[in-house]
There are 2 protein chains.
Amino acid sequence: MPKVGMEPIRRQQLINATMAAIDEVGLAEATVMRIARHAGVSAGIISHYFCGKDGLLEATMRQILTDLTEAVAVRRHALEDDSPRAYIGAIIEGNFDRTQVTGPAAKTWLAFWASSMHKPMLQRLQNVNDRRLYSNLCHQFKRVMPHAEARNAARGLAAMIDGLWLRGALTPEGLNAVEARHLAHNYLDQLFAHHGCTKKASHVYR
Amino acid sequence: MPKVGMEPIRRQQLINATMAAIDEVGLAEATVMRIARHAGVSAGIISHYFCGKDGLLEATMRQILTDLTEAVAVRRHALEDDSPRAYIGAIIEGNFDRTQVTGPAAKTWLAFWASSMHKPMLQRLQNVNDRRLYSNLCHQFKRVMPHAEARNAARGLAAMIDGLWLRGALTPEGLNAVEARHLAHNYLDQLFAHHGCTKKASHVYR
DNA sequence: ATTTTTTTATTGAACGTTCAATCAATAAAA
DNA sequence: TTTTATTGATTGAACGTTCAATAAAAAAAT
């Protein structure tokens with residue numbers, strides 16, 4: 001049913017369908033036909049809008065990274081104080097955002113993580129995102145502790161966040177976002193406490 | 001060149017070749033022919049010894065899990081005191097063992113992690129291993145802190161270990177085992193210190 | 001010590017399947 | 001009538017598995 005201006009609609013449909021297919025059967029068996037069926041279109045349309053399957057996969061990863069960045073940005077802008085503790089807290093909250101933690105997105109994320117080891121384009125995307133997270137964390141930690149210590153704190157918290165994500169994606173029941181946030185915030189408190197800052201969390205865990 | 005008793009030799013060769021192939025081009029492109037070429041044998045031999053490609057992949061994952069278990073066991077038996085701190089330290093050391101952290105093993109590990117989301121057999125293996133790690137950690141933490149707190153500590157440390165692994169596998173330069181162990185041990189120290197004082201951070205620990 | 005037979009290990013071409021990409025045909029909207 | 005969107009059969013490449021053929025070693029026979 002050809003109408004004009006279908007492009008943005010179809011692109012979004014196909015990206016969503018890609019995540020649904022990966023959630024359902026994994027990246028290895030997410031064929032163009034299965035993805036197309038999920039979107040209710042034919043297989044040929046994928047090459048038309050994304051220049052082939054690889055283009056669609058790349059666009060899907062970009063979407064996930066964009067969503068994550070957006071989730072962090074929203075929380076960052078909602079902050080009332082700009083203390084390091086608050087800023088880093090917003091990063092944690094953004095990383096365990098509902099839309100990110102949901103089944104399809106989480107499994108697609110992990111699938112791309114593994115895939116990015118050998119696909120230069122995905123690796124590049126993953127690296128950019130990674131460095132921004134580390135850089136943001138590092139910058140905030142450096143405001144309250146020596147640089148060497150701040151780097152370790154940033155690496156530790158980044159590992160903790162990724163580890164919680166990973167385990168959440170692998171658990172059949174999915175990630176328990178409440179518990180994950182609790183653990184991440186606790187660790188953050190300990191990082192601050194260890195360094196000697198007595199500022200404690202004003203955060204309320206649900 | 002047929003000699004008797006080739007089976008254990010070939011099986012090991014093929015398992016090693018599988019890891020090498022996955023390290024080289026990723027799980028998706030680790031074809032039977034590529035694996036066979038790495039081992040210096042023909043493709044047909046894989047079905048002969050492992051009843052098909054899936055059998056070889058399963059055997060490879062089993063090997064990795066066995067190696068990890070062994071690395072932890074060795075360090076556990078070498079302990080002089082059986083304090084919770086020492087025991088958990090051995091788990092950390094075992095998880096960042098040289099043979100595990102090496103390129104091929106680490107990348108294969110991550111590839112299987114992602115794959116296990118949709119392959120029941122791999123998921124089972126991964127789950128058993130996961131639960132044992134958590135159970136061991138939990139048991140030790142419970143010796144020195146309330147049960148609810150011990151469960152959180154175990155979940156946190158497990159996430160930290162997996163997160164360091166994940167980031168190590170994704171980093172082009174590979175995992176910096178020294179740094180990873182340092183971060184994990186630091187976190188462990190903080191978990192113990194945190195428990196020893198009041199819950200909110202109003203003390204300075206050094 | 002040779003030769004013959006049996007056993008074991010291995011190969012690689014052939015087969016059937018699956019997949020992504022292509023493109024001429026088609027159908028609706030402009 | 002022209003433009004835009006979509007289809008789906010077709011194509012060719014790549015994959016895992018199979019199996020008859022082969023070759024070397026081991027065992028048995030001479």
Side-chain angles (χ1 to χ4, degrees), chain A residues 1-22 24-61 108 111-112 114-115 118-122, chain B residues 1-22 24-61 108 111-112 114-115 118-122:
Chain A
M1 304 86 184
K3 275 183 280 200
V4 306
M6 279 285 99
E7 183 162 336
I9 296 170
R10 288 278 179 258
R11 287 180 74 95
Q12 193 58 56
Q13 280 180 333
L14 287 168
I15 287 173
N16 291 343
T18 302
M19 293 198 236
I22 292 176
E24 196 178 291
V25 295
L27 181 57
E29 296 188 50
T31 65
V32 289
M33 215 152 357
R34 195 186 285 268
I35 293 171
R37 192 156 7 104
H38 258 283
V41 295
S42 82
I45 214 74
I46 287 177
S47 287
H48 181 249
Y49 282 126
F50 291 97
C51 302
K53 190 186 183 185
D54 280 349
L56 174 55
L57 294 180
E58 184 189 322
T60 304
M61 185 166 186
T108 305
F112 280 140
S115 186
H118 298 97
K119 298 205 172 178
M121 177 55 79
L122 298 187
Chain B
M1 312 78 190
K3 273 183 282 201
V4 307
M6 280 285 100
E7 183 161 337
I9 296 170
R10 287 279 179 255
R11 288 181 73 97
Q12 193 58 56
Q13 279 181 334
L14 286 168
I15 287 174
N16 292 342
T18 302
M19 293 196 235
I22 291 176
E24 195 177 290
V25 295
L27 181 56
E29 297 189 47
T31 64
V32 290
M33 218 156 349
R34 193 178 220 106
I35 293 171
R37 191 154 12 100
H38 259 284
V41 294
S42 82
I45 213 75
I46 288 177
S47 287
H48 181 248
Y49 282 126
F50 292 97
C51 302
K53 191 186 183 184
D54 281 348
L56 174 56
L57 294 180
E58 184 189 321
T60 305
M61 184 164 186
T108 305
F112 281 139
S115 186
H118 298 98
K119 297 204 173 179
M121 177 56 80
L122 297 187

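Naming convention: chains lettered A, B, ... in sequence-line order (proteins, then strands); numbering from 1 in each chain. Side chains are part of it too, since the values below use all heavy atoms of this structure and drop only hydrogens, waters and symmetry mates.
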Separation of B:H48 atom NE2 from D:dT22 atom C1', in whole Å?
14 Å
Shortest non-hydrogen separation from B:M6 to B:Y49 and the atoms involved:
CB-OH, 3.9 Å
A:Y49 near the nucleic acid: base, sugar-phosphate alone, or nothing, with a heavy-atom cut-off under 4.0 Å?
sugar-phosphate
To the nearest Å, give me how far apart CZ (B:R11) and P (C:dA9) are.
13 Å
Name the atoms and distances for all side-chain donor-acceptor pairs under 3.5 Å in residues 27-39 of chain B, with sequence neighbours left out.
| unit_1 | atom_1 | unit_2 | atom_2 | d |
| --- | --- | --- | --- | --- |
| B:T31 | OG1 | B:R34 | N | 3.2 |
| B:H38 | NE2 | B:E24 | OE1 | 2.9 |

Whole angstroms only, please: what is the CG-P distance between A:D54 and C:dA21?
7 Å
Just compare D:dT18, C:dT11, C:dT22 and give me whichever is closest to any side-chain atom of B:S47.
D:dT18
Side chain of B:R10 (C-beta onward), nearest among D:dT18, C:dT10, D:dT6
C:dT10
Using nucleotides 8-11 of chain D, report all nitrogen or oxygen pairs with the protein that are shorter than 3.5 Å.
none

State, with a plain yes or no, whether a side-chain heavy atom of B:T60 is found less than 4.5 Å away from one of B:F50.
no
Within residues 25-36 of chain A: residues closer than 4.0 Å to DNA chain D (heavy atoms)
none
Whole-Å gap separating P (C:dA20) and CD1 (A:I46):
8 Å
Where at least one partner belongs to residues 50-59 of chain A, residue pairs that pass side chain to side chain donor-acceptor pair (under 3.5 Å), sequence neighbours excluded
A:E58-A:R62
Side chain to side chain donor-acceptor pair (under 3.5 Å): pairs with one or both residues in residues 13-22 of chain B, sequence neighbours excluded
B:R10-B:Q13, B:Q12-B:N16
A:M6 side chain, from C-beta outward: closest of D:dT17, D:dT6, D:dT7:
D:dT6
Can you check whether B:L57 reaches B:F112 side chain to side chain, under 4.5 Å on heavy atoms?
yes
For DNA chain C, what dot-bracket results from Watson-Crick or G-U pairs at under 3.5 Å, with [ ] for crossers and | for inter-strand partners?
||||||||||||||||||||||||||||||
May I ask you to say what A:G55 touches in the nucleic acid, namely base, sugar-phosphate or nothing, with a heavy-atom cut-off under 4.0 Å?
nothing
In terms of heavy-atom contacts, A:I22 and A:A111 come closest through CG2-CB, 4.1 Å
Whole angstroms only, please: what is the CD1-P distance between B:I9 and C:dT10?
9 Å
Between P of C:dT8 and CD of B:E7, the distance in whole Å
12 Å
A:K53 NZ - C:dA21 P separation (whole Å)
8 Å
